[in-house]
Amino acid sequence: MARIRVRYAPSPTGYLHAGGARSCLFNWLFARHHGGTFILRIEDTDRTRFYKSSLSDIVESLRWLGLDWDEGPEVGGPCGPYFQSERLPLYQKYARELIASGHAYRCYCSAERLKSLREGQRAATPAQNTDAASSHIGYDRHCRELTASQRAELESSGIVPVVRLKVPLDGQTAFHDLIRGRIAIQNEQMDDFVLLKSDGFPTYHLANVVDDHAMEISHIMRADEWIPSTPRHVIMYNAFGWTPPLYAHLPVILSPTGQGKMSKRKLVGTDGREYNVRIREFRSAGYLPEALFNFLALVGWSYDDKTEMLTREQAVEAFDLDHVSRSPAKFSYDKLDWMNGMYIRQLEVNDLAGRLHPFFNAAGVDIDMETVQRMTPLIRERMVKLTDCVALTDFFFVDELHYDPQLLIQKGMTSDQSRRVLSESEALLRETEFVEAALEPPLRAKAEELGLKARQFFGTLRIAITGREVAPPLFGTMEILGREKVLARIATARALLQ
RNA sequence: GCCCCCAUCGUCUAGUGGCCCAGGACACAGCCCUUUCAAGGCUGCGACGGGGAUUCGAAUUCCCCUGGGGGCACCA
């Protein structure tokens, strides 16, 4: 096999979403695995849908995921420019070439005519669909055989034509897909699609073929939804006399809500649950890039019968097309959550604390790095997403706790017992060194002395100190809060029990 | 409507003719551990869509049906 050169070619019409990121990831993995070149190309040929901020979003999101490109925007390369809008003369040249060689023609049909043509075809019922009607799919080839004088007349009337490909009227076009085998379609199923628009911009079909050839792309890995247009591209390669790249169509990602493929917009399930779709949303929702990377690598590809957690390096090492699935896959948010928790737990305390800090700030919690580092071990095993750190530690930052005093009286306890727990603890805590390890033995002994179960004794203390039934480990929490605050909160609790 | 693709537990998947009365993971349930919650450990629940054919033997090959998905723009 020649040099491996693959590309991810998004169009800047929106933010980078999970499906696009997955396609990009597979190309990146493939390139890195084979020591090939990974190219980022921007397909900005649709001026009407161009969305200014999407380019920076795509670039930032890919960088965040760690998907770096060898050629493309910001890094350049020998096959640039990597923005199709800057390559217009090239497409126009090749369109003219196709016209000259008899493989394409100029079409002068108005948008109105095409529109009514489509509507007429859609309205036709199967019964009405005579041979004459059904033999035409899409454009009716009205301009395919215009004479020179007809063309001259239309030209002089000021109509700016588009260029359409002359698709063979019969026969079939086939290609070999690396993960699906041979795929063939009858040529009569294809219409004479547009190559060059009247504004001088190419359509996806032309630009894609011209650029993949010019950039010496060896493999095209893209979503399954492109299968129907692949034969069109093959016809073009043939018309140019070029050899098409190798194709591998990836399974699409299905929406977790159960209908259709995953869209680019935010999804809301029937139960009201909201699903992130854009990479930037996963980021701000507190997902780790390494977790999302790992997860995305496994949607549509598998390593073996048991491995779920893969480092970036292992994924590069192991990636192959043989284990790319053919069937579409639903995006499992539950599994992503689980995986994100796994990755969070694997992080070193200081690393995790560093990632948590901005989330505290974003939530309006004024906290210094040292405190974050002290809290991190307490909450590391309790987080699914980085954003969870705020809710997990909110009781640290309030001046006053609000809770039902009844909670101080744990199951099976009397109010007298609860009062004793608080008063005895208060006395004890005045003289105990306020570090986690030193706090535990005397308190535990006190619980036993009072004839209380640990869950009762510490349950009462937990409510008094954190105001919550569910909280991080008590002794570590007390150490961070400090003697003064802990004693004050216990005093408050005692007052509540009077 | 026409064309194309796909089909193993609820979900993601392993499986490339005998190793499979189908393995792993998420989710779910139970138990253990335990100062709560988590985390962790153990156990359980749970699938080859249907019908034909090929074969000594089929989840694995072929055909039909059904179901799901995608495409049919001067969008990508």
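Proteins get letters first, then strands, A, B, ... in listed order; numbering begins at 1 in each.
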For [N] versus [M], give the span between their [atom1] atoms, rounded off to a whole number of Å.
N: G41(B); M: G24(B); atom1: P; value: 14 Å
N: A39(B); M: C33(B); atom1: C1'; value: 11 Å
N: G51(B); M: U66(B); atom1: C1'; value: 10 Å
N: C6(B); M: A14(B); atom1: P; value: 15 Å
N: A59(B); M: G49(B); atom1: P; value: 11 Å
N: G50(B); M: G18(B); atom1: C1'; value: 25 Å
N: A53(B); M: G15(B); atom1: C1'; value: 23 Å

In this structure, how many angstroms lie between the [atom2] atom of [N] and the [atom1] atom of [X], rounded?
X: Asn187(A); N: C3(B); atom1: CG; atom2: P; answer: 15 Å
X: Leu196(A); N: A73(B); atom1: CG; atom2: P; answer: 18 Å
X: Phe201(A); N: A76(B); atom1: CZ; atom2: P; answer: 10 Å
X: Ile379(A); N: A38(B); atom1: CD1; atom2: P; answer: 16 Å
X: Leu195(A); N: C75(B); atom1: CG; atom2: P; answer: 12 Å
X: Gln84(A); N: C75(B); atom1: CD; atom2: P; answer: 13 Å
X: Lys330(A); N: C9(B); atom1: NZ; atom2: P; answer: 11 Å

What pairs of residues pass the side chain to side chain donor-acceptor pair (under 3.5 Å) test when at least one of them lies in [range], not counting sequence neighbours?
range: residues 378-390 of chain A; value: none
range: residues 449-459 of chain A; value: Lys446(A)-Glu449(A)
range: residues 462-480 of chain A; value: Asp394(A)-Arg468(A)

Pairs under 3.5 angstrom, nitrogen or oxygen only, protein versus nucleotides 65-72 of chain B, please.
{"residue": "G70(B)", "atom": "OP1", "partner": "Lys261(A)", "partner atom": "N", "Å": "2.8"}
{"residue": "G71(B)", "atom": "OP1", "partner": "Lys261(A)", "partner atom": "NZ", "Å": "3.4"}

Under the side-chain hydrogen bond (donor to acceptor under 3.5 Å, both in side chains) rule, collect the residues that match up with [X], sequence neighbours excluded.
X: Arg96(A); answer: none
X: Tyr15(A); answer: none
X: Glu440(A); answer: Arg444(A)
X: Glu426(A); answer: Arg430(A), Arg494(A)

Can you pull every protein N or O that's under 3.5 Å from an N or O on nucleotides 45-49 of chain B?
none

(request) Mind checking the CD1-NZ spacing from Ile253(A) to Lys330(A)? Nearest 0.5 Å is all I need. (result) 13.5 Å
(request) Identify, with sequence neighbours excluded, every residue that meets side chain to side chain contact (heavy atoms under 4.5 Å, CB included) alongside Pro231(A). (result) Thr173(A), Phe175(A), Ile185(A), Met190(A)
(message) Applying side chain to side chain contact (heavy atoms under 4.5 Å, CB included), can you list everything that pairs with Pro256(A), at least two apart in sequence or on another chain?
(response) Met262(A), Leu267(A), Tyr275(A), Tyr333(A)
(request) Could you tell me whether the phosphate oxygens of G40(B), OP1 or OP2, come under 4.0 Å of any side-chain nitrogen or oxygen in Arg345(A)? (result)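 So the side-chain polar atoms of Arg345(A) do come within 4.0 Å of the phosphate oxygens OP1 or OP2 of G40(B), strictly under.
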(request) Answer yes or no: does a side-chain N or O of His323(A) lie under 4.0 Å from OP1 or OP2 of G15(B)? (result) yes
(message) Counting distance alone, no hydrogens or angles: does the base of C5(B) have a donor or acceptor under 3.5 Å from a partner atom on the side chain of Arg180(A)?
(response)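 Under the 3.5 Å cut-off, the side chain and the base do not form any donor-acceptor pair.
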(request) Would you state whether a donor and an acceptor, one from the side chain of Thr203(A) and one from the base of C74(B), lie under 3.5 Å apart? (result)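 Answer is no: no donor-acceptor pair is held.
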(message) Looking at Tyr51(A), I'd like to know if the NZ or CZ of Arg49(A) sits under 6.0 Å from its six-membered ring centre while staying within 45 degrees of the ring's axis.
(response) no
(message) Partner lookup for C72(B), please. Criteria are Watson-Crick or G-U wobble with both distances under 3.5 angstrom; report none if nothing qualifies.
(response)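 Per the H-bond distance test, G1(B).
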(message) Check this for me: Arg326(A), atom CZ, are more than 12 non-hydrogen atoms of other residues, nucleotides or ligands nearer than 6.0 Å?
(response) no
(request) Tell me which of Gly300(A) and Val162(A) sits closer to the 5' end of RNA chain B, going by the nucleotide each one is nearest to. (result)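 The answer here is Gly300(A).
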(request) Sugar-phosphate atoms are those with a prime plus P, OP1 and OP2; base atoms are the rest. Using that split, label each nucleotide of nucleotides 19-36 of chain B B, S or - for protein heavy atoms under 4.0 Å, 5' to 3'. (result) ----BBBS--------BB
(message) Any salt bridge linking Arg222(A) with Glu43(A)? Criterion: basic side-chain nitrogen under 4.0 Å from a carboxylate oxygen.
(response)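 No, this pair does not count.
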(message) Using a heavy-atom cut-off of 4.0 Å across all strands, would you classify Thr13(A) as base, sugar-phosphate, or nothing?
(response) nothing
